[in-house]
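Encoded as structure tokens, the structure appears first; notes follow it.
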Amino acid sequence: MDGVHRVGAGRVHRRRPARGVPRGERTRPGVRSARHGAPRPRPARDLRHLRSREGRLLSGPALPPRFDARSLEARWQAEWDRGAAFRAPARPEGRTYSLVLPPPNVTGVLTMGHMLGDTVMDVLVRHYRMVGRSTLWVPGLDHAGLATQVEVRRRLAKQGIRFEELPRERAVQEIEAWRAEHATRIEEQTRAGGFSVDWSRFRYTKDERSARATREVFVRMYGEGLIYRGERMVNWDPRLRTAISDLEVKHFEETTELLYVRYPWADGTPGGLEVATVRPETIFGDVAVAVHPDDTRHHSAVGRTVRVPMTERSVPVIADAGIDPAFGAGALKITPRHDLVDYEIFQRHPELSMPPDIFDDGACLTGPWVPAPFQGLDVEAARERATEELERSGLLLRREPYRHTVARSERSDAAVEPRISKQWFVRMRGLADRVAAGVRAGEIRIHPERWDATFFRWLEEIQDWCISRQIVWGHPIPVDRCRRCGQDVVALEPPTRCPSCGSTELDADPDVLDTWFTSWLWPFAALGWPEPTEDFSRYYPTNVLVTGRDIMFFWVARMMMSGYHFTGQPPFADVYFTGMLRDESGRRMSKHLGNSPDPLDVIRAHGADTVRFSLVFPNPTDEDGPFGPGPLENARNFLTKVWNLARFTLPYVAPGTPPPSVAPVLDATSARENRWILSRYRRTAEEVTEAIRSFAPTRAATALHAFVRHDLADRYVEIAKDALLGRRGEPAQRDARTTLLFVFERTLKLLHPFVPHLTEELWHALPHDGDLLALAPWPATDEAPADPEVEVEMETILEAIRWLRNLRAEEGVPAESIPPAWIRPSGPEVARVLRAEQGMIERMARVHPLDLLEEGKPQPPGVGSRVAPLGECYVARPTAVPSETESLAREREKLAQLLEKARARLSDEGFVRRAPPEVVREAETKAEELTERIRRIDEHLKADASSSAGP
RNA sequence: GGACCGGUAGUCUAGCGGUGAGGAUGCCGCGCUUACAACGCGGAGGUCGGCGGUUCGAAUCCGCCCCGGUCCA
């Protein structure tokens, strides 16, 4: 039976009970067993656990000392599935909360970065689900056209197959095979994380419905004039032989050689123009040499003609203000087909005509203008050959190393060849303006806000988007071209004859669409658009989009454009950008670097909850931060703490105890710690709720972590033990038990969005109301009373405990001994509180008896002392120990410095006159308090000196 | 070349005009205590990147510089 868990078979209902309907009979915690942890190294501990386990058996069902994350998580994931807990209702009642999971690329498997985003989304979704919203989280997958084709091409190359040589159909088959493998892995990874997506709504960007949406959008935009076909300068990837968009180009600093080449005068006069270039192989495409009109060095040259080196062609020298006179010798060769700047200059000079292309699709020299010896050479070879040739002919004046930026294709790493080419484009200006206006108006909010500026700048500088790709894998461009009259036919259904000439000879456009041309429709296409589906009408617009900053422009901005344009609404109300994870050596984790571990391995090793928590705490989810053993261990320790809190709580819950439906009602006679922990709980509930709703998951997790560890475990539980065990009478025991159960149960609810599996397990071990914690109501934040007075009082008490413990440690009081102690309170209020909780202080500080000294009474003999803000503290010394003079003197010095600072401020006229009165008063009080404490230290020092001088 | 973001103990962070600059982790000391050694208690550790300025008062606001990162050309 070892390791087998039974979770109340038949207790989990298929459906969430309709709201307002009384819930079914309360369930009792099931009996469960679990594998115990690995054998522990120290025998002493084993003994203790044996004892504790015996104790548990007497008081009811026990949780094992350690939890087995793997079996526990698998079990609850199965329960959630069985209960269809995350299936969004087709006809939601009340408010909805919806979002799409950024569909991961089928290119590979998920990285830890995906886990981060998914965790943030799940925190939001689970919270809003518990709040009672009808939630829909749509999972999906992106066909990632070019990226996937590159991966498959690489895999085939390893088998010695050239992708380009495969027939189109066969190529698509290969890619489909790849997709099938990776889709499974990606789903497995997502499931392992326990993310509450609605798998029944799963979509793929290349399924039939996405194809329809894509086609619809293209046809519509073509009709509106927002899509056009044109001959323009594009980024050409010569390795993949396709155009790519501006965003798919990355710039790198590289050092190459700058050549100074003489273009001889065409009329044979000696000399010529000195032209600097890093690309001598493009000389064959030159149509002119340009200089700046104000450049006096070249005034006489303008209008003359020079011979293009290595050719017999002559070209004019022209003047253009676009030339930088400081570059090289101030003269630039103009190659309009292969450089954007040159192209722009060319367009300003109608006297020039467009030359033929000198490169083929693979960037090898070709065409009528290229001399025979250069025909067929690739860029590298041609550059080398041209340099040699120039040198040989004496036209190479000099060469020097030159640092400049080189454009490379993101996918293939090949140097991008700017090239004039006929492609399909989307007109972006109007779309971008609508988005900018929407974001400015607050229709969409970006979190963290600091990314606004980056976002707007890009929208302002936006260029038209090249959407056609000369590859296999993608949605076909829905255009047919008439072979007879050349007319483009753009229609939803493939046409049979040309509408203008009637010809039936039509050729489908061989190109496919950029993958983002489908992805940008995701928030509504994933909900069924353009069909008027129930999901679309009820769950669109979505509430939030969570993703990495790296696709802010690729995807997020474009989704906003398409959302506004096609649905008339922003696709989501909030955008949240997560940070990037860094590995142990501080490098960013990325697919590219291959330094992200497989999430599935990490989850198997540590458990999904541990991984999730380590991703949100302590490093902010919206900033780059480390992921590795440190954060993981931290999270694991915290979860163990929660587990053990449950083990502690359970024995105090008598069989038949009802679930905590309301906060315990505690009057002023109830133990102070109970009122205190309720108040602290309330503040935590408020903070957690507020933080989640303001997209600050880390702040919420931090608040929970601090509350659980410091307030609940370290303080409340320790203080309340006596009462819980019944040593303080039955009413006190009842109060403590009710309070503990309430606070712990509610804490599990607050923790659930972060660590769903563990909390689900523990919640079921306690009295609870409902079938699944995942569907339980989120705690109302005003359920428990806030009691600021008690919080202040407890602070004083905890301070006293801390000072006494500190004294014990510093005076070398043996751990097992319980010495007498004294406090001389600094005021009546402190005295009142300390007197009221003398017993608590004694137990917690391990002193006995604790007496409060009145003002003027002498300090007891043989004690160690400290002067704390709340008063003087004394603990009997174990034996004769070294004088405390030294530490007291150190303390005095510190206080004296502070006092000096305070006095300096108070004697500053500007401060007294201009600072707000309450700040001045505060400073005065502080100075008085410090003076008093120093006076008392001085008294001690005097007494000490006289006593050590004595016998 | 143009911008943007960040720089707080060994590490990660909170604070964003008035605090004795919080917390986590790591480190050191002590371990009594049947929830927990994956733990408890205590401690040490900081010129808040540097220099100027504004202010009665600056980690916090402004300017310049240095370092790290990112985006755009």
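Chain letters run A, B, ... following the sequence lines, proteins first, then strands; residues in each count from 1. Basis for what follows: all heavy atoms, side chains included, without hydrogens, waters or symmetry-related copies.
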Under a 3.5 Å cut-off for both distances, is [N] Watson-Crick or wobble paired, and to whom?
{"N": "B:rG6", "value": "B:rC67"}
{"N": "B:rU11", "value": "B:rA24"}
{"N": "B:rG1", "value": "B:rC72"}

Name the nucleic acid region contacted by [X], choosing base, sugar-phosphate or nothing; use a 4.0 angstrom heavy-atom cut-off, strictly under.
{"X": "A:I818", "answer": "nothing"}
{"X": "A:R913", "answer": "nothing"}
{"X": "A:T698", "answer": "nothing"}
{"X": "A:P620", "answer": "sugar-phosphate"}

Pairing residues for A:S826 by the side chain to side chain contact (heavy atoms under 4.5 Å, CB included) criterion, not counting sequence neighbours | A:V830
Establish whether the base of [N] is bridged to the side chain of [X] by a donor-acceptor pair shorter than 3.5 Å.
{"X": "A:R636", "N": "B:rA38", "answer": "yes"}
{"X": "A:R921", "N": "B:rG18", "answer": "no"}
{"X": "A:R846", "N": "B:rC32", "answer": "yes"}

Do A:S694 and A:E690 have a side chain donor and acceptor closer than 3.5 Å?
-> yes
side-chain N/O [X] vs [N] OP1/OP2, d < 4.0 Å:
{"X": "A:R66", "N": "B:rA38", "value": "yes"}
{"X": "A:H251", "N": "B:rC71", "value": "no"}
{"X": "A:R549", "N": "B:rC5", "value": "no"}
{"X": "A:N806", "N": "B:rG43", "value": "yes"}
{"X": "A:K641", "N": "B:rG40", "value": "yes"}
{"X": "A:N637", "N": "B:rC39", "value": "yes"}
{"X": "A:K721", "N": "B:rA35", "value": "yes"}

Determine, step by step, whether A:R279 and A:D339 satisfy the salt bridge (charged side-chain N to carboxylate O under 4.0 Å, His left out) criterion, reporting the C-alpha distance in whole Å, the side-chain angles of both residues, the deciding distance to 0.1 Å, and the verdict.
-> CA-CA 10 Å; A:R279 301 209 54 189; A:D339 186 281; over 6 Å; no
